Asker: 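Just dropping this structure here.
Both counts, for ligands and for their atoms, begin at 1 and track the order of listing. Atom set for the values below is all heavy atoms of this structure, side chains included, hydrogens, waters and symmetry mates excluded. All values derive from a computational prediction rather than experimental measurement.
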Amino acid sequence: MFHISDRMTDTTVASLLEGRDAAGAGVLANVRFGTYGAGPTLAGGAVELPIHMTHGRQHEFTETWSAAQAVTTGRYEELVYAHDDERLFCAGYIPASGGYARDAERAYSHIFELTDQLGFPDLFRMWNYLGSINDPNESGMETYRDFCVGRAEAFAFHGKDMPAATGAGSLGDGLSFYLLSGRMGSATHIENPHQVPAYRYPVRYGPKAPSFARATYLAQAGGNGESQRLFISGTASIIGHETQHVGDVEAQCYVALSNIDQLISAANLERHDVRIKRDDLRFDAVKVYVRRSTDIPLVASRCARYFDDRETSIAYLNVDICRSDLLVEIEAIASVRAQQGYTVE
Ligand SMILES: C=C(O[C@@H]1C=C(C(=O)O)C=C[C@H]1O)C(=O)O
């Protein structure tokens, strides 16, 4: 069985970033979570990226990234992009081959060249969806670890800060990726004191650690309080660097949600110089990755309890996860309500 919460109807358009009605605003990109994957294209002045993430058409949905100003689109190497005055959306697709390290390194180097050239040097969120993520490549290395090698080399070479991210399985072949980048100084990256930063994981999880932060806070240049966003990375049942509760999806779900709780606590945000009260955060969009389809009802009931805000859309995706002992992973985008004074509780 596959489930999408009843707040997400067929082909739901979740309008993100500006929170505007997608029909009335300019659009940077439409990411189609559906029954097939392909390289990104430019259509109607926006990026289109289909990713094979659902088992049936009835579960398809579209993530729409809105623009606040006029949109400029273009191509650079294997990348397709669209930007307004404040943000750049960029996407690509790498076909499956014997290994990903070289292609991922090249693609991420192109990303950094592009973001620097166009003046959007602050990467604030990236998604990487890999076919056969837990299977070995032609040299016997797990596909996810192989991808991490190339990505880490590009981040190190270009000296870039690591943003919030998701690295999960897809149902198709190849690597589909998309990311968002902002103007200099717009992003603050946040770690969770209960988790070793992913980029410091020991070598037993792969020769190069995963390049990402646990969350990224985006302060909108010239925006009001409501347009700030907190991007929470794919979060799983990991404490320190170790997977907790192998085989127990309910306990894994609990640890993942408590990790999110720790991450977004006012005290943790304050440590990173981000002053937001927990009550001022509203979850707009949540994606939950569940390895075994039979676990979705249980995971959905736990998530519905945690994300009890009626305005939150939650999508459940039955795909593999970066570590083969992880059964569930949760990512979220929260917006910040206008703030009336700030105190840490
Ligand atoms: C779940 C974890 O990592 C996953 C892999 C990521 C990546 O490689 O970009 C980012 C977040 C998660 O989707 C973790 O290590 O805690």
Asker: May I ask you to check whether Tyr217 and His272 place their ring centres under 6.0 Å from each other?
Answerer: no
Asker: With atoms numbered from 1 as shown, which atoms in ligand 1 lie under 4.0 angstrom from a non-hydrogen atom of Ala165?
Answerer: 9 (O), 10 (C), 11 (C)
Asker: For ligand 1, which atoms sit closer than 4.0 Å to a heavy atom of Tyr201?
Answerer: 14 (C), 15 (O), 16 (O)
Asker: Report yes if Asn128 has an N/O atom closer than 3.5 Å to an N/O atom of ligand 1; otherwise report no.
Answerer: no
Asker: Checking ring-ring contact (aromatic ring centres under 6.0 Å, His included) against Trp127, which of Phe33, Tyr178, Phe177 comes through?
Answerer: Tyr178
Asker: Within a distance under 4.0 Å of any heavy atom of Tyr144, pick out the atoms of ligand 1 and give their elements.
Answerer: 5 (C), 6 (C), 7 (C), 8 (O)
Asker: Would you say the side chain of Asn134 lies within less than 4.5 Å of the side chain of Glu142, judging by non-hydrogen atoms?
Answerer: yes
Asker: Which part of His241 is near ligand 1, with near meaning a heavy atom under 4.0 Å away: side chain, backbone, both or neither?
Answerer: neither
Asker: Mind checking the OG-CG spacing from Ser170 to Asn128? Nearest 0.5 Å is all I need.
Answerer: 11.0 Å
Asker: Return the closest protein heavy atom for atom 2 (C) of ligand 1 as residue, atom name and distance.
Answerer: Cys322 SG, 3.7 Å
Asker: At less than 4.0 angstrom from any non-hydrogen atom of Gly167, what atoms of ligand 1 do you find?
Answerer: 4 (C), 5 (C), 6 (C), 7 (C), 9 (O), 10 (C), 11 (C), 12 (C), 13 (O)
Asker: For Glu331, which part has a heavy atom under 4.0 Å from ligand 1: side chain, backbone, both, or neither?
Answerer: neither
Asker: For ligand 1, indicate whether the residue Glu329 contacts it via side chain, backbone, both or neither (heavy-atom separation under 4.0 Å).
Answerer: side chain
Asker: Going by the atom numbers of ligand 1, which of them fall below 4.0 Å from some non-hydrogen atom of Ala236?
Answerer: 1 (C)
Asker: Need the ligand 1 atom indices (1-based, order shown) with element for anything under 4.0 Å from a heavy-atom of Ile238.
Answerer: 14 (C), 15 (O), 16 (O)
Asker: Where does the angle between the aromatic ring planes of Tyr129 and Tyr289 fall among parallel (under 30°), tilted (30 to 60°) and perpendicular (over 60°)?
Answerer: tilted
Asker: Taking distance alone, with N or O pairs closer than 3.5 Å, would you say Arg151 contacts ligand 1?
Answerer: yes
Asker: Check the orientation of Tyr81 and His83. Use parallel for under 30°, tilted for 30 to 60°, and perpendicular for over 60°.
Answerer: parallel
Asker: Where do Arg125 and Glu331 land on the salt bridge (charged side-chain N to carboxylate O under 4.0 Å, His left out) test, with the steps shown first?
Answerer: CA-CA 11 Å; Arg125 188 59 168 97; Glu331 66 168 57; 3.4 Å; yes
